[in-house]
Amino acid sequence: MDKQVNNEIMKQKIMVCCGTGCTANGGRDVYKAFLEQLSSISNIEVLPMVKQTGCNGWCEKGPLVKIMPEDITYCGVKVADVGEIIDKTLLQKQVIKRLLYRDPATKKHITSHHQTNFYRKQHKIALRNIGEIDPGNIQDYIDRGGYQALQKAFSSLTPQQLIDEIISSGLRGRGGGGFPTGRKWQACKDAQGSPKYIICNGDEGDPGAFMDRSIMEGDPHTVIEGMILCAYAVGASHGFVYVRDEYDLAVAYLKKAIQDARIHGYLGKGILGSNLNFDIEIVRGGGAFVCGEETALMASIEGRPGEPYDKYVFPTEKGLWGQPTIINNVESWANIPVIILKGAQEFKKIGTAGSSGTKVFSLVGKVVNTGLVEVPMGTSLREIIYEIGGGVLRNRSFKAVQTGGPSGGCIPASLLDLKVDFDTLTQAGSMMGSGGMIVMDDHTCMVEVARYYLNFLAGESCGKCTPCREGIRALLEILTRICDGEGQMKDLDLLEEISSTMQEASLCALGRTAANPVLSTIRYFRDEYLAHIKEQRCPAGVCRKLTTFYIEPEKCNGCGLCTRNCPANAIVGEKKQFHVIDNESCIRCGECYRQCRFDAVQVM
């Protein structure tokens, strides 16, 4: 091939998303295909040109391939598309329209992902490098300003000045509690005792949550740099990254990053010629949800069963092995280098007065654009779900959004304009949690949602304290009765009474927040509980014992979609003629109700 053409190709960068979601859809195979096919072109240095990146966030459209510097983003790329991309886009400078995102409103093809509604409303701090660098290449991180904050701290900030900067930024812990990060660091610095420890909590167990996972997989050095800065500030000598055992890819990248950081002098003895001696090791969690609670997490690191204990003394004074300890989650650490490098006041310009900066959410459920989003604190639920998320699937009605994981609350449509930050979510009966956000449509039964989360928590409670162990079990039994059509009006008072006791008396945050799904659904969807108890019906058509389906003849056009999807063959009717459900054969699975595009299937 012509040398000039080779040089032209080599000026371009091909970034293939190899985050967990895209990898599951073949992203890594696409990456390998680019390597193989470009290697066949003579005089091409493939590796600097083709990069595997972490999660770009737009999981619904993956695998994503970005061509730079032209800023072209291709969606849903398959191995079969690679040759065409090389031939047409790299060699002939042509854009392949069928691989571009097509805006559903304007029907126009959009060349750059930056121009889509999904990305335009975002403000990336914690996710600033993800999708832009190879997480296994330390030089990529350095080229984007990595470890400059550490150099700045060593050259111009005392440990106390660094802590003051974090305090001034207003950063609150992104793990869910929202405790001011700087105050925590100050308490540890002032505590007596040595050695002091730094812990990164990467035990992300919420269903549907993948924020921390994506940061560890896509930008592990930002976590490491944040931890080193903290070690310098409080005088710590050793750090641990506690990672959920299932996160194999995150562990692999963290191991590589720690090794490379040592080689470059960022970890170990006399970091960058300073007096700081600090190193990090990885601890793989045992998979227990409760180990996300910091006292259980520390017990697990120490080799003991991962059970919480009451914090009469905070970990900053007496934590890991009885020594002063700082615990922050992955997203919190990812913010630290930016705050130190750009200054607290720049960070504080973003967000709200009580919740500065941004928050990363995993936006999942019945929403068009599922994925990872980072928005300024104070962004409304409506903006996140409808402008970034693209609205509810199949244009169905929005019913609720559950925030904060299994222990979070369900927020109704009447609060869609709620400005999301730590305090407003708490006031609404939910919480920030680590950042899960599950969208629900009008086919969702809120009583069943509460039952589902209580069932999850019943299996994850360590069982150490009576209020949590017995309280969750009692709530689950009552909710199950209601879903089965055996509920009584007095059950509503009993649910609230048990929930109140759990909030006041449980040992750890899991027990104290476990009742949030129950209390929030009773608060905002009491009519559904009443329908289950008084009318013996499930308005959403989910609870099988309380549901009967029928087809409205006026709306049914005989398309046959319900018939093809009925597992019990309980629907009969000729093509283009209205269909009928045989209730003797119907198993009340609701598949016809979910599949019908014309709202012909109704709940009796």
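Worth saying up front: this structure is predicted, and the values here are computed from it rather than measured.
- Looking at R451 and L476, their side chains come closer than 4.5 Å, going by heavy atoms from C-beta outward.
- The number of heavy atoms from other shown groups lying within 6.0 Å of CG (D310) is above 12.
- Every side chain to side chain contact (heavy atoms under 4.5 Å, CB included) that S168 has, sequence neighbours left out, goes to A344, Q345.
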Go through the steps to decide whether R523 and S520 satisfy the test side chain to side chain donor-acceptor pair (under 3.5 Å), and finish with yes or no. CA-CA 5 Å; R523 177 180 176 181; S520 63; over 6 Å; no

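- More than 12 non-hydrogen atoms from other residues, nucleotides or ligands lie less than 6.0 angstrom from OH of Y309.
- Counting only distance, with no hydrogens or angles, the side chain of R284 and the backbone of D245 share a donor-acceptor pair below 3.5 Å.
- Here side chain to side chain donor-acceptor pair (under 3.5 Å) pairs that include residues 179-188, with residues two or more places apart or in two chains, are Q160-Q186, W185-N328, Q186-D190.
- Looking at heavy atoms from C-beta onward, L171 lies in side-chain contact with I336 at the 4.5 angstrom threshold.
- At least one donor-acceptor pair under 3.5 Å links the side chain of R28 to the backbone N or O of C18.
- Under a 3.5 Å cut-off, the side chain of Y197 and the backbone N or O of G319 do not form any donor-acceptor pair.
- Across I385 and V367, no two heavy atoms sit closer than the pair O-CG2, 3.9 Å.
- Separating the CD1 atom in I280 from the CD1 atom in I224 is a distance of 5.5 Å, to the nearest 0.5 Å.
- Put simply, the side chain of Y453 does not reach to within 4.5 Å of the side chain of N516, judged on heavy atoms.
- Applying the side chain to side chain contact (heavy atoms under 4.5 Å, CB included) test to P135 and every residue at least two apart in sequence or in another chain returns P220, Y253.
- T295 is not listed as a side-chain neighbour of L507, based on a closest heavy-atom distance of 4.5 Å or more.
- Judged as a salt bridge (charged side-chain N to carboxylate O under 4.0 Å, His left out), the pairs with a partner in residues 287-303 (not counting sequence neighbours) are, in order, E294-K311, E302-R304.
- In this structure a side-chain-to-backbone donor-acceptor pair under 3.5 Å is present from S356 to S169.
- Pairs of residues two or more places apart, or lying in two chains, that qualify as ring pair (Phe, Tyr, Trp, His ring centres under 6.0 Å) and include a residue from residues 126-184 are Y141-Y147, Y141-H221, Y147-H221, Y147-Y266, F154-Y232.
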Could you please spell out the steps behind the side-chain contact (heavy atoms from CB on, under 4.5 Å) verdict for K51 and E132? CA-CA 9 Å; K51 292 184 182 293; E132 307 297 329; over 6 Å; no

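- When all heavy atoms of M377 and T352 are compared, the closest pair comes out as O-CG2, 3.6 Å.
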Evaluate the salt bridge (Lys or Arg N to Asp or Glu O under 4.0 Å) criterion for residues D421 and R172: first the C-alpha distance (whole Å), next the side-chain angles of each, then the deciding distance (0.1 Å), finally the verdict. CA-CA 11 Å; D421 63 24; R172 296 173 66 174; over 6 Å; no

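- Contact of the P308 side chain with the L510 side chain is not registered, since no non-hydrogen atoms from C-beta on lie closer than 4.5 Å.
- Residue pairs that meet the salt bridge (charged side-chain N to carboxylate O under 4.0 Å, His left out) test with at least one member in residues 210-224, sequence neighbours left out, are R213-E217.
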Evaluate side-chain contact (heavy atoms from CB on, under 4.5 Å) for V330 paired with C200, printing each intermediate quantity in order. CA-CA 6 Å; V330 172; C200 170; 3.6 Å; yes

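- For the pair S156 (side chain) and A153 (backbone), a donor-acceptor distance under 3.5 Å is absent.
- At least one donor-acceptor pair under 3.5 Å links the side chain of Q122 to the backbone N or O of E374.
- Judged purely by atom type and a 3.5 angstrom limit, T403 has no side-chain atom pairing as donor or acceptor with the backbone of M432.
- Under the 4.5 Å side-chain criterion, counting only non-hydrogen atoms from C-beta, R469 is in contact with T466.
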Would you check, one step at a time, whether the test side-chain contact (heavy atoms from CB on, under 4.5 Å) holds for K189 with I163? CA-CA 9 Å; K189 181 179 185 297; I163 292 175; 3.3 Å; yes

Please walk me through it: do D143 and Q139 pass side chain to side chain donor-acceptor pair (under 3.5 Å)? CA-CA 6 Å; D143 289 345; Q139 191 58 50; 2.8 Å; yes

Report the C-alpha separation of C17 and W58 in whole Å, then their side-chain angles, then the decisive distance to 0.1 Å, and conclude whether the side-chain contact (heavy atoms from CB on, under 4.5 Å) test is met. CA-CA 10 Å; C17 181; W58 206 6; over 6 Å; no

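- In this structure, the side chain of K196 engages the main chain of A191 through a donor-acceptor pair within 3.5 Å.
- Formation of a donor-acceptor pair under 3.5 Å by the T316 side chain with backbone atoms of C188 is not found in this model.
- There is a side-chain donor-acceptor pair under 3.5 Å between S332 and N329.
- Among all heavy-atom pairs drawn from M298 and I199, the shortest one is CG-CD1, 3.9 Å.
- Counting only distance, with no hydrogens or angles, the side chain of R128 and the backbone of A334 share a donor-acceptor pair below 3.5 Å.
- Residues K121 and P376 come closest through the heavy atom pair O-CD, 4.4 Å.
- Within the 4.5 Å cutoff, side-chain heavy atoms of I228 are placed close to those of L276.
- Rounding to the nearest 0.5 Å gives a distance of 8.0 Å between CG of N56 and CE of M15.
- Nearest heavy-atom pair across A126 and N335 is CB-ND2, 4.2 Å.
- Around the NZ atom of K152, the shell of radius 6.0 Å holds more than 12 heavy atoms that belong to other residues, nucleotides or ligands.
- The minimum heavy-atom distance linking V290 with A296 is given by the pair O-CB, 3.4 Å.
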